[in-house]
Amino acid sequence: MIGEDEVPDITATAAEIARLAGVTRAAVSNWRRRRSDFPAPVGGTTASPLFSLAEVRQWLEGQREGREVSGEVRLWQALRGTYGEEMVRALAAVGDHLGGGLGELTDQGAREVADGLVADRMPTEVMDALVARLLESTSRAALDGASTLRLARAVREFAGETSGTVFDPACGIGSLLVGVGGDAVGSRLGQDTHADATRVARVRAALAATRAAPVEIVAGDSLRADAFPDLRADLVVCEPPTAVADWGREQLLIDPRWEAGVPSRGESELAWLQHCYHHTAPGGRAVVALPASVAHRRSGRRIRAELVRRGCVAAVVALPPGLAASHALPLHLWLLSRPSGPGRATGTVRMVDLSSNSPDGPWEPQPHQESEVPLIDLLDNDVDLTPSRYVREPEPDYAVEYATLRDELDKRLSRLQALLPELPPRGGDDGLDDGVPVAVSDLLAAGLVSLDGDELTSVSDQLDADYVRGFASSAANARRSTSSSGTFRADLQAARLPRMDVERQHRYGDAFRSLGAFELELAELARMGDRAARLARDGLTGGALDPPLPHGSGDAEHQSTMTDGDAAVGREDRTF
């Protein structure tokens, strides 16, 4: 137990240890299992243990692991040693130091490392690297709605450039506010409840400025205490906090910002959306990142309908998963525009579905990923603004694709049988030792195999790699990993392999390789078969394909002479 005068030890997660040592998380897991002297957890949970940073660093030094680390890692280590879990405040101090401030970064070692980094890198690059590390660390829990650099890139693509004012009412550490608008921005304004986060945003904006553009970022609650009540910005960007029950509804019932109606207590995101629109100048635009559920939740349909009727919603973009920092929910970008004058509102909403793209882009939609939807088609009982509801994949050429798939299936079926090896019954004297098997843990200790996560690999010419993997995944070893309660927990170290000479291992390895290729081909065959069946059903029910004629019916010639019109009439008759 820590006494009142003791300083609590700085802790690190397994992911942070991996970054510190320049290895994968699987390697850290291997150290924990295989190295008895690896530091024991000092906190956390079984699934996410925490380790003493000082003990880990001492252990790494003793193992000669992680000695050659990058300057960025050494800076992070120095900051963790001084600031502990208050890494947002640490980044603010680094940014202030890089911007020429005095006295904020008190650790001499951290100052020296930071100065060394900017000797050959831009200060903005150093800050972006630290921000990325912050968003992957446990310290991100102190931030609500801190935008990832990936999301900032996506928002920048859709926001475009401006020479006017950029505003973010929930700016956090400034990733959106600093990352959008281009080099000609006239001023950047922001607000956030987290005081240290606003300091980070302020120094990032100052470091990124290519000219003397005013920057004003203040601490405070934008909904309850709007610091810029009269502001009308050319570009508003925001990733607001999600699912906030107490956002101030009772105090703000008659607030003029609710142009589309007062949001319910459970619709804080629609309060933020209207707050952003309120601060958008005529002819200006807003880009707001919201959870996908905001587009279809029943409680918000009245406000969604009013926003659509008024022509406020220019587009809704479904983003790929993995762009949010604080949750795993898929995100939508809502693109709002305030008409520059009466009668200038658009009559459609652009729906874009990029959910199948990579989280790194591209952000330019393909023709089949977007659709212009008339407002009247959105104003039904649900007012569901989910892009996938309106964006459809292009219709395939059923006849050509179905015929191609049938030919390919025929070829793969021929290859499939060749891949399945002939396996004769085992003979009495085949070189397989029925004595005591060897444990994988012993092979690991001897350095003959390596284990990276669930990947077991031979690193010696004494062992055939596929022989090792094949027997390690046997039914007997699977049973060994299953408890009496039926719970399965993979433990490759406990697997046992039969003893045999290398030549015999190669024969087993060849068989396991053939079986692996057979399984891959079978899986691909199943995927193609499923696609062929769906094409056939959709083609038949949609009128693109006809069923086959009965064998020996003699109608082939008649079928070939039918006109397109005759075929169409025939299909129409069969629907009654």
Out of curiosity, Trp272 CH2 to Arg257 CZ, how far, rounded to the nearest 0.5 Å? 9.0 Å
Can a donor-acceptor pair be found between the side chains of His279 and Asp226 at a distance below 3.5 Å? yes
Are there more than 12 heavy atoms of other residues, nucleotides or ligands under 6.0 Å from atom CG of Asp377? yes
Taking all atoms of both residues into account, what is the closest heavy-atom pair of Val391 and Val352, and its distance? CG2-N, 4.4 Å
Looking only at atom types and distance, does a side-chain atom of Arg285 sit under 3.5 Å from a main-chain N or O of Ala159, one as donor and one as acceptor? yes
Gln274 side-chain N/O to Ala260 backbone N/O, donor-acceptor pair under 3.5 Å: yes
Taking Glu16 for the side chain and Arg133 for the main chain, is one N or O donor matched with an acceptor at less than 3.5 Å? no
Identify the heavy atoms of Val349 and Val313 that sit nearest to each other, and give their distance. CG2-O, 3.3 Å
Counting distance only, does the side-chain N/O of Ser358 pair as donor-acceptor with the main-chain N or O of Asp360 below 3.5 Å? yes
Between Arg249 and Ser264, is any side-chain donor less than 3.5 angstrom from a side-chain acceptor? no
Arg350 side chain to Glu370 backbone, donor-acceptor under 3.5 Å: no
Decide salt bridge (Lys or Arg N to Asp or Glu O under 4.0 Å) for Glu250 and Arg265; before the verdict, give the C-alpha distance in whole Å, the side-chain angles of both, and the deciding distance to 0.1 Å. CA-CA 9 Å; Glu250 283 68 26; Arg265 286 181 59 87; 3.3 Å; yes
For Arg301, give me all partners under side-chain hydrogen bond (donor to acceptor under 3.5 Å, both in side chains), at least two apart in sequence or on another chain. none
Work out which heavy atom in His278 is nearest to a heavy atom in Arg338; give both atom names and the distance. CA-NH2, 3.7 Å
Just verifying a value: how many Å separate Thr348 OG1 and Leu375 CG, rounded to the nearest 0.5 Å? 7.0 Å
When you measure from the side chain of Thr165 to the backbone N and O of Ser187, does any donor-acceptor pair fall under 3.5 Å? no
With Val200 as partner, the option from Leu130, Ile173, Val178, Asp96 fulfilling side chain to side chain contact (heavy atoms under 4.5 Å, CB included) is Ile173
Which heavy atom of Ala318 sits nearest to which heavy atom of His332, and what is that distance? CA-CD2, 3.5 Å
Nearest-0.5 Å distance, CZ of residue Arg309 to CZ of residue Arg304: 12.0 Å
Short question: side chain of Thr162, backbone of Gly164 - any donor-acceptor pair under 3.5 Å? yes
When Asp128 is tested against each of Arg153, Arg204, Arg150 for salt bridge (Lys or Arg N to Asp or Glu O under 4.0 Å), which residue passes? Arg204
Do you know which of Asp380, Leu385, Leu379 makes side chain to side chain contact (heavy atoms under 4.5 Å, CB included) with Asp382? Asp380
State whether Arg224 and Asp246 are salt-bridged, where the test is any N-O pair (Lys NZ or Arg NE/NH1/NH2 against Asp/Glu carboxylate O) under 4.0 Å. yes
Run through Gln369, Gln366, Glu364 and flag the one making a side-chain hydrogen bond (donor to acceptor under 3.5 Å, both in side chains) with Asn357. Gln369
Donor-acceptor contact below 3.5 Å, side chain Arg89 vs main chain Asp196: no
To the nearest 0.5 Å, how far apart are CD in Glu269 and CH2 in Trp334? 10.5 Å
Please verify the inter-ring angle class for Trp31 with Trp59; under 30° counts as parallel, over 60° as perpendicular, anything in between as tilted. tilted
Spacing of Trp363 atom CH2 and Glu157 atom CD [to the nearest 0.5 Å]: 8.5 Å
For the pair Arg310 (side chain) and Glu259 (backbone), establish whether a donor and an acceptor sit closer than 3.5 Å, ignoring hydrogens and angles. yes
Donor-acceptor contact below 3.5 Å, side chain Glu306 vs main chain Gly261: no
To the nearest 0.5 Å, how far apart are CZ in Arg392 and CG in Asp353? 10.0 Å
All side-chain hydrogen bond (donor to acceptor under 3.5 Å, both in side chains) counterparts of Glu267, not counting sequence neighbours: Arg297, Ser299
